[in-house]
There are 2 protein chains.
Amino acid sequence: MSNAGPQRKSDLLRRFASTGGLDAQTAIRRENLLRALALIAREPAPVTRAVIARRTGLTSATASSLVAELIEFGLVTETGPAESTGGKRATRLEIDTETHLIVVAVVRTRAIDVALVDLAGRTVASNRVELAGEVEVSAVVDAVRSLLRAEGAESRVLAACVQVPGVTADGVVVDSVQLGWFGVPLASLLEEAIGAPTSVVNDVDAEALTEAADAADGAIRLVVHLGEGVGAAVTNGGTLMAGATGRAGEIGHVRVVFEGARATCRCGLSGCLESAASMSAMLGDAYTDEFDEHDTSLLASTAESRERMAFGARALSRALRIMSALLDPQEVVIAGAAPALGPHFLGTVRDEFEMYPAKGTAPVPIRYGRLELGRYLGPARSALAPILGDALPLTERPAAGLAPVIGEVH
Amino acid sequence: MSNAGPQRKSDLLRRFASTGGLDAQTAIRRENLLRALALIAREPAPVTRAVIARRTGLTSATASSLVAELIEFGLVTETGPAESTGGKRATRLEIDTETHLIVVAVVRTRAIDVALVDLAGRTVASNRVELAGEVEVSAVVDAVRSLLRAEGAESRVLAACVQVPGVTADGVVVDSVQLGWFGVPLASLLEEAIGAPTSVVNDVDAEALTEAADAADGAIRLVVHLGEGVGAAVTNGGTLMAGATGRAGEIGHVRVVFEGARATCRCGLSGCLESAASMSAMLGDAYTDEFDEHDTSLLASTAESRERMAFGARALSRALRIMSALLDPQEVVIAGAAPALGPHFLGTVRDEFEMYPAKGTAPVPIRYGRLELGRYLGPARSALAPILGDALPLTERPAAGLAPVIGEVH
DNA sequence: CAACTTAGTTTACTAAGTCAACAAAGTGGG
DNA sequence: CCCACTTTGTTGACTTAGTAAACTAAGTTG
C-alpha cells in the first residue's frame, strides 16, 4: 500500500462511476477493466495476465495494461508465481482485500447491524446496535461512523449500502411502514457522512441478489421470499428485473386457492398465496419479526401445523409451476425464513411441483436460500453495483470463527 | 444508388455481422453506428446530424462521420432540408428503403408465403405458393428464388428469415411435427441459395417480436399466444427471454383448473391451461390450422360456445394474474388467433383479471395482438437481428392497397 | 545444454474518438 | 438592407486505447 487510499479511490471512482457523462472511449476501457476484474474474481483456477488475454480475446499487451490499472486502483494484487505450464511461470492475480472496504448497514425494527465487507465478500468487522424505541435516521449514520472509527477504516470505504424493509427507489426510502419512514433520502445523508457513494436496497431484493451472486451472464433465477408475507424476485444475470412500475414480484396477494380457502387474508380477499404459504400463515404466532432462522424446534410439532405446511406447500407449488414454465429459470430458490421449515417442507413443495409435470417444460431444481452466505452479501453487491457492476461476486464464505461483536457502540 | 449493391452489402456485413471475432475498437464503432441508426429509425421528429450529436452525447464531428458511413452502407438517405430553427437549415435523415431488402418466408402446412420487406417495414412484394402434399425443403428455396427473380431483386437481399411452426434452434428446424421436419439445417440451405445471412424462427416467437416492435429499452412485455395450443413469450426490450433450456413460455400444460376440469388434455393430464383456453378448446372443430383470424362469424353462436369462452377466459386470467404480478410488465398481449374471438372475450378476460386485484401490483393493460401489423414484421426483425440488433423497428404499416399476389409461381 | 514454451513488456502503428476553429446558410434588429 | 447572431455541418490537430510484432525473462524437456 505505497499509494494512499483517498488518492487511489477518487481515481477509481472517476474511472468507473457511471455519472452518465462518460465519453465513448473511456466507456470501452471501463468495459475491458470490468471484464478483466470479473475474470480474476470469478474464475476458480488461478488467473494470470496471459489467461485474461486468452479469455477476453484482447492482446497480451492490453491485458497487461488493464491489470496494471486494476492494481493501481487497489482492486487487484499479485500473489506470487503460479506453476509453470512448460515455460516461464505466470504471476497469479487475486482480488485485493486489503485496500478497500464496503460498508453495509441493515436496518431492522429493533436493531441496526453494521458490517465492513472486503472485496472478496468476507465480513471483516461487524456490530449490532440495539434500539430502544423508534429507529431514527441519525442512528444509522452514528452506527456506521462508530464502527468505522473503531476499526480505523474511515478512509478505506469504497461504497456503502443500507438495507431497509419497505419500498425504496433511487436512494430514497419511499415507504417503510415497519420503520415509520416515508420519503427519507437515506443515501445522500449517509453519503455526506462517510464520503462514499451509497445505495439503499429493499430486503427482499438484497436477498435475491445474494442468491444470484455467482450467476453467469443471462442466467434466470426465480427467488421466492417467505416471511411475514410472500414476495418474489427474478434475477437476470446479476441484476434484478424491476418491472415497468418497479413492482415486479408482488405475488403475495395473487389468488391461488379457489376451493377450501382458509380465512380472509389481511388484504381483505381470500385465497391469496400469502394467506397459505407465508411463514406467518404456516407457523402462526411462532413466527415473529425476530424469528431465528436456525431454530427448527417449533416445526411440525402438531398435526395441525403439519397440515398447514402441506397446504402452504401446495399453494406455493401452484404458483411456482406457472412462473417457472413461463421463465424456464436455471433454478428456483425458496428464501427468506423458509429454510427454517426444514427438509420436509422443501420435499413437499418439490413433490407437489412435480406431481403435474407440464409437457414441454424442463425440470427445475428447487432449493432453499443459502443462509450460510451471510446477510451482508446482497447489500454489499448493491453497494458496488453502481461502480463495478457485478464484476465482483463476493461469494467468499465469512471467515470461520468470526463472531459478531454484540453490544452498544457509542 | 451510385454505388452497386453487392459491394456495399459486403462492407456492411463486415462491419456489423457479429462473427464473434470483433476487436474492441470496431465494436464500439458498431455500437455508435447502431445508436445513430436507431435514432433515425425510431424518432418521430425529423432527425439530423445535429440531433444525433445532441441525443447520443457524441460530438457533431463524430455524428457526421457516423452518418456518412450509414449512407455509404445504404442504410440511410438524406431527404431534403428541414425548417430552420434560427440558423442554417439541417438536412433530414431517413431510413433508406431503396437499397436493401429483407426476404421473409412463412412456412405453413399447406402453403408457403414469401415476402420482400424494405428497411422501413413495408412489404414491397409477396407471393403465396399453395402446396399439394408434404412440404419439401426445396420448395422453400424455390419459392424465395422465384419471387426474387420476378422482382429482379436478387442482389438487394440483405438478410432473410424463415418462420416455421415447431422447435427451432440456431438456424435448424429441430422438431416440427406439423411439417414432418426433424433436424433440417434450413438456414444454411437458404443462405447458400441466396447469399445472405438467414435465420430461422418459431412462429410464436416471431409474433412476440412483432408485438414488441416499438419497445423501449428494458420494457417488459408478456405475450400469450392462443392457437391450437397455448404458449407465452416474455420480451425484454426488443429481445426474447429464452430461458435456461430455451423452453421459456411453455405454459400450455400447466395445471390451472382444479375443480370442474372439463376433460383430459391431449397431454394426458387434466386441468391444463391449454385444455381450457386454447382456440381449439374454445371453438372446437370450428378452429382449424387454416383459420381466418378476421372471420368472426362462428363465435358465440350457441350458449355452449359462449360458456366455453367464459371458462377459457377465467382459466387464462388465473395464469395472467400470477405472471403479471411476477413481472410487472408494460402490457399483456393476447395474440395468435385470439383477436378473432372479438371484444367480448377480451372484456371477459379483463373483468376476470381485475376481479381479484392483488394488493401491491400495478394495473396492467391487456390488449389483443395487432394483426394489422402484418405477419412479416416479426420474421423480418429476426432476419436483421444478427446484423443490426433491434435498431430498426420496422413498424411502418404495409402500403395501402397492396394486395398480395395469390397464385403459383414457377 | 540447446531447443522449445510460455509469460509478460516494449515499441510502432492504427482506429476512432474529442476539441476547437471555421465555413455555410439561415434569422432578426436597427 | 446590412450586420450581428444562431445553428448546421466539416476539417484538422490532438488523445485514448486498442493491435501487431519484436523482444526479454524464465521456465521445461530431449
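In what follows, every chain begins at residue 1, and chains take the letters A, B, ... in the order their sequences are listed.
- When heavy atoms are screened at a 4.0 angstrom cut-off, A/Arg92 is found touching no nucleic acid atom at all.
- When atom types are taken as modelled, the side chain of B/Thr198 and the backbone of B/Ala196 share a donor-acceptor pair closer than 3.5 angstrom.
- With the nearest nucleotide of DNA chain C identified for both B/Ser60 and B/Ser65, B/Ser65 has the one nearer the 5' end.
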Provide a list of protein-nucleic acid N or O atom pairs under 3.5 angstrom, restricted to nucleotides 28-30 of chain C.
none

Using nucleotides 27-30 of chain D, report all nitrogen or oxygen pairs with the protein that are shorter than 3.5 Å.
residue: D/dG27; atom: OP1; partner: A/Arg89; partner atom: NE; Å: 3.4
residue: D/dG27; atom: OP1; partner: A/Arg89; partner atom: NH2; Å: 2.9
residue: D/dG27; atom: N2; partner: A/Gly86; partner atom: O; Å: 3.2

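- Nearest-nucleotide assignment on DNA chain D puts the 5′-proximal partner with B/Ala90, out of A/Gly57 and B/Ala90.
- Judged by distance alone, with hydrogens and angles left aside, the side-chain atoms of A/Arg381 form no donor-acceptor pair with the main-chain N or O of A/Asp390 at under 3.5 Å.
- For the residue pair A/Thr235 and A/Ala208, the shortest heavy atom distance occurs at CG2-O, 4.0 Å.
- Regarding A/Arg49, its CZ atom lies at a distance of 14 Å from the P atom of D/dA26, rounded to whole Å.
- Between B/Cys161 and B/Ser382, the shortest heavy-atom distance links the atoms SG-CB, 3.8 Å.
- Computed from coordinates, the A/Asn32 CG to D/dG18 C1' distance equals 9 Å when rounded to whole Å.
- In this structure, A/Glu31 atom CD and D/dG18 atom C1' are separated by 15 Å, rounded to whole Å.
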For residues 75-83 of chain A, tabulate all N or O donor-acceptor pairs below 3.5 Å that involve a side-chain atom, not counting sequence neighbours.
residue: A/Glu78; atom: OE2; partner: A/Arg49; partner atom: NH1; Å: 3.1
residue: A/Glu78; atom: OE2; partner: A/Arg49; partner atom: NH2; Å: 2.7

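- Summarising the geometry of B/Pro46 relative to B/Val51, their closest heavy-atom pair is O-CG2, 4.2 Å, with the distance given to 0.1 Å.
- Within the structure, salt bridge (charged side-chain N to carboxylate O under 4.0 Å, His left out) pairs that include any residue of residues 55-64 of chain B comprise B/Glu43-B/Arg55 (at least two apart or interchain).
- Following rounding to the nearest Å, A/Leu66 (CG) and D/dA17 (C1') show an atom-to-atom distance of 10 Å.
- Taking atom CD1 on B/Ile28 and atom P on C/dA15, their separation rounds to 16 Å, with Å as the unit.
- For C/dA15, neither phosphate oxygen OP1 nor OP2 lies less than 4.0 angstrom from any side-chain nitrogen or oxygen of B/Arg15.
- Once rounded to the nearest 0.5 Å, the distance linking CG of A/Leu148 with CZ of A/Arg156 reads 10.5 Å.
- Residues B/Ala120 and B/Ile95 approach most closely at N-CG2, 4.4 Å, considering heavy atoms.
- Side chain to side chain, A/Thr99 and A/Asp96 meet the donor-acceptor criterion of an N or O pair below 3.5 Å.
- To the nearest 0.5 Å, atoms CD1 (B/Ile40) and CG (B/Leu392) are separated by 9.5 Å.
- Not one side-chain nitrogen or oxygen of B/Thr91 sits closer than 4.0 Å to the OP1 or OP2 atom of D/dT8.
- With rounding to whole Å, B/Ile52 atom CD1 is found 12 Å from D/dT8 atom P.
- Look at CZ on B/Arg29: it is 15 Å from C1' on D/dG18, rounded to the nearest Å.
- Note that CG of A/Leu119 is 7.5 Å distant from CG of A/Leu101, once rounded to the nearest 0.5 Å.
- Shown for residues 75-83 of chain A: no residue has heavy atoms falling under 4.0 angstrom of DNA chain C.
- For the helix from C/dC1-D/dG30 to C/dG30-D/dC1, the terminal axes (five pairs an end, C1' atoms, rotation from four pairs onto the next four) enclose an angle of 0°, given to 10 degrees.
- No side-chain donor from either of A/Thr62 and A/Ser65 sits under 3.5 Å from a side-chain acceptor of the other.
- The phosphate of C/dT9 has OP1 or OP2 within less than 4.0 Å of a side-chain N or O from A/Ser64.
- Nucleic acid contact for B/Ala61: base, since at least one base atom lies under 4.0 Å from a heavy atom of the residue.
- Summarising the geometry, the separation between CZ on B/Arg54 and P on D/dT7 is reported as 9 Å, rounded to the nearest angstrom.
- The structure places OG of A/Ser155 at 12.0 Å from CD1 of A/Ile194, a figure rounded to the nearest 0.5 Å.
- Taking every heavy atom of both residues into account, B/Arg15 and B/Arg29 meet most closely at NH1-CG, 3.4 Å.
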